[in-house]
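Take a look at the structure below.
Because only heavy atoms are used, hydrogens play no part in the values below, and waters and symmetry mates are left out as well, while side chains stay in.
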Amino acid sequence: MLNLQDGDIVTADGEPYQSLSKAYIKRVTGHLDLDYDPIEVFRQAVVESKDGELVVTHNIYGKRLKVNGSKVTYHVKDDRIQFMVQEGDIVDLAWYANDDNAQDSMTIRWVYPLEDDNQLVEKAPKQKSAEKKPAKKEKMRLALGLSKQIFGSMQQGAQDAKKLKIDLKGQKVGIAIGNGQNGEILKATVKACNGDPRLINAFAGKSKKIEKAVKNLDMVIMIKSYANHPSSWSLAKACKKYGVKFAVSNNMSTQSFCRALYRAENNLPSDEQSGQEIEYPMG
């Protein structure tokens, strides 16, 4: 009804992560001309164990993972991601559509929280002519479990920030993570520190686009497990160019993220792996 187009900036309302209600778009407030390589996403994929290795070949509907029409297998490697996944986890895979080495460069960009450990998917069903979708009652149950876990993580982020006594005093804080519900947890953590959070697409490796996103910020925190090497280099370079405080969180945990906020605010080493021992306040 609003005739939405790629690049539109909108105002949305609703609390989809705290209840079963959906977010809805109220109005269009602006537009950006986007220049990026399209990203392909394989949603709700099942992590399986084969020959002692974690792999992804199908999603929960039995649909086969393909790149440019060819069947491929994604291998979960420790050097590719920093967070832990296990057999039975449900994940989203992402890669650049125009990448000649898409199978090697694809990565996990979202792990679906499960309501309990007994929801492991043992085997993906074979694909039929039409994908079988979960029943409405089951979808609502899963959505409620997801909402509770995300809300709990938001509360944990506020507690972690309080322990470190972080006060960002209205600073604009860029979170380099890309899209997805993951960002909502970290945005809530920044707000708990009196900061103004802004999500930055960590898959965007083009320097000009990253500089545009960074130059009006006060601080940038990069989530290492959600960035690639070109983006990491461009982010650090852009922050140095515009005098923006910069730090790295090794993973998605709110504790690691809060420590990165503390280091950036207090001009400490950007990465905990710098070889220097860092002392944090004990709240």
Side-chain angles (χ1 to χ4, degrees), residues 6 34 36-136 138-139 141-143 145-146 149-150 176-184 199 201-206 223-232 251-252:
D6 191 26
L34 303 180
Y36 59 86
D37 293 329
I39 293 175
E40 295 284 347
V41 181
F42 188 65
R43 303 185 187 279
Q44 297 179 309
V46 183
V47 178
E48 302 174 89
S49 179
K50 291 186 178 180
D51 300 324
E53 184 180 12
L54 295 178
V55 300
V56 172
T57 58
H58 295 81
N59 67 8
I60 61 174
Y61 305 114
K63 184 178 180 181
R64 190 67 168 82
L65 173 61
K66 294 182 179 180
V67 174
N68 298 325
S70 300
K71 297 179 181 179
V72 298
T73 298
Y74 171 73
H75 298 268
V76 180
K77 299 179 181 178
D78 290 340
D79 60 351
R80 188 75 58 83
I81 55 176
Q82 298 296 320
F83 52 85
M84 296 297 293
V85 295
Q86 59 186 355
E87 182 181 7
D89 279 349
I90 309 300
V91 302
D92 284 350
L93 297 178
W95 64 92
Y96 286 115
N98 298 326
D99 191 345
D100 294 333
N101 299 312
Q103 183 177 358
D104 294 328
S105 62
M106 68 171 55
T107 186
I108 293 174
R109 76 169 185 181
W110 172 245
V111 179
Y112 290 85
L114 297 178
E115 190 171 0
D116 55 62
D117 293 336
N118 296 322
Q119 288 182 289
L120 301 183
V121 178
E122 295 181 358
K123 185 177 181 180
K126 293 183 179 179
Q127 185 179 10
K128 298 181 179 180
S129 57
E131 292 184 354
K132 185 179 179 181
K133 297 184 178 180
K136 184 177 181 180
E138 176 68 7
K139 290 173 69 176
R141 187 178 72 83
L142 290 174
L146 179 62
Q149 292 212 18
I150 291 178
I177 188 175
N179 299 318
Q181 294 167 328
N182 315 60
E184 296 303 318
L199 293 184
N201 187 354
F203 284 102
K206 296 185 177 180
I223 312 303
K224 187 181 293 186
S225 55
Y226 277 79
N228 52 34
H229 290 299
S231 296
S232 303
N251 51 51
M252 267 292 301

Going by heavy atoms in the side chains, are [X] and [Y] under 4.5 Å from each other?
{"X": "V67", "Y": "M106", "result": "yes"}
{"X": "R109", "Y": "I39", "result": "yes"}
{"X": "V111", "Y": "I90", "result": "no"}
{"X": "I223", "Y": "N251", "result": "no"}
{"X": "T57", "Y": "E48", "result": "yes"}
{"X": "L93", "Y": "L65", "result": "yes"}
{"X": "R64", "Y": "T73", "result": "yes"}
{"X": "V55", "Y": "V76", "result": "no"}

Within the distance-only criterion (no hydrogens, no angle test), does the side chain of N101 pair as donor or acceptor with the backbone N or O of D104 below 3.5 angstrom? no
How far does [atom1] of [X] sit from [atom2] of [Y], to the nearest 0.5 angstrom?
{"X": "R43", "Y": "D92", "atom1": "CZ", "atom2": "CG", "result": "5.5 Å"}
{"X": "F42", "Y": "I108", "atom1": "CZ", "atom2": "CD1", "result": "12.0 Å"}
{"X": "H58", "Y": "K71", "atom1": "NE2", "atom2": "NZ", "result": "7.0 Å"}
{"X": "N68", "Y": "E40", "atom1": "CG", "atom2": "CD", "result": "8.0 Å"}

Full working for side chain to side chain contact (heavy atoms under 4.5 Å, CB included) between V46 and V56: CA-CA 6 Å; V46 183; V56 172; over 6 Å; no
